[in-house]
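Written below as structure tokens is the structure these notes are about.
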Amino acid sequence: MAYWLLKSEPDEFSIYDLEKKGHAPWDGIRNHQAKNFLKEMKVDDLAFFYHSSCKNIGIAGIMQVTKTAYPDPLAVDKSSDYFDEKSLIENKWVAVNMAHHTTFKTLLPLAKIKKLADSDSRLNDLILIKKGSRLSVMPISTEQWQALNDGVC
DNA sequence: GCCAACGTTGGC
DNA sequence: GCCAACGTTGGC
């Protein structure tokens, strides 16, 4: 079982939206490194749902992979913000499907994650808090997964 | 709104 | 293949 962290701007799509719907496609990823991680995901893998670019930044809960990578329909949808002209010839962008698992009672704020990392060596290599990292889909090691869950109230 | 950092584009 | 210019991400 592998673990992941996926970012979303809650104004666009929040964990509350996912909780309401139960499951949803994770689509619109337009970065090759992030895309490659999507392709590695297996059914039943768990992922943190991270709220970015908003008032309360941090990990809002957990979701679970229900479908492995398939061609992202938004890439060939001319009405979508995520439409990609080149994908009409070859669509190399992918989406996965995610199901809601847990919404944390209290969001684990980015500031607290950074504080935890200061005193917990398990979080040394957390990509999320690496300087300059903007990756929106990233792997989380078992140790990191445990350490972050330990920090949840 | 600002800005640091990264990614992409396109001229050469 | 280099690199400047531009666009985007995302924290603050």
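Everything numeric in this text was worked out from a predicted model, so none of it was measured. Below, all heavy atoms of this structure are taken into account, side chains as well, without hydrogens, waters or symmetry copies.
Rounded to whole angstrom, the span from the OH atom of A:Y82 across to the C1' atom of C:dT8 amounts to 12 Å. Nucleotide B:dC6 holds its C1' atom 19 Å from the CZ atom of A:R30, rounded to whole Å. Rounded to a whole Å, the CG atom of A:L110 is 12 Å from the P atom of C:dG10. To the nearest angstrom, C1' of C:dG11 lies 13 Å from CD1 of A:I113. Straight-line distance from the CG atom of A:D81 to the P atom of C:dT8: 12 Å, rounded to whole Å. To the nearest angstrom, P of B:dG7 lies 14 Å from NZ of A:K35. In this entry the distance linking CD1 of A:I129 with P of C:dC12 reads 11 Å, nearest Å. To the nearest angstrom, C1' of B:dG1 lies 17 Å from NZ of A:K55.
Among the nucleotides C:dG10, C:dG11, B:dT9, the one closest to the side chain of A:R134 is C:dG10. Closest to the side chain of A:S53, out of B:dG7, C:dG10, C:dC12, is C:dG10. Ranking B:dT8, C:dT9, C:dG11 by closeness to the A:H32 side chain, first place goes to B:dT8.
In this structure, A:W93 and A:H32 have parallel ring planes: the angle between them is below the 30° cut-off, well short of the 60° mark.
An OP1 or OP2 oxygen of B:dA4 is reached within less than 4.0 angstrom by no side-chain nitrogen or oxygen of A:K131. Contact check, A:K130 against C:dG11: no side-chain N or O comes under 4.0 Å of OP1 or OP2. Residue A:K7 places no side-chain N or O under 4.0 Å from the OP1 or OP2 atom of C:dT9. Close to C:dG11, at under 4.0 Å from its OP1 or OP2, lies a side-chain N or O of A:Y50.
Taking the ring centroids of A:F48 and A:W145, they lie under the 6.0 Å cut-off. Taking the six-membered ring for Trp, A:W4 and A:Y50 have ring centres at least 6.0 Å apart.
A:K42 places none of its side-chain heavy atoms less than 4.5 Å from the side chain of A:M1. The side-chain heavy atoms of A:V96 and A:T68, taken from C-beta on, include no pair separated by under 4.5 Å.
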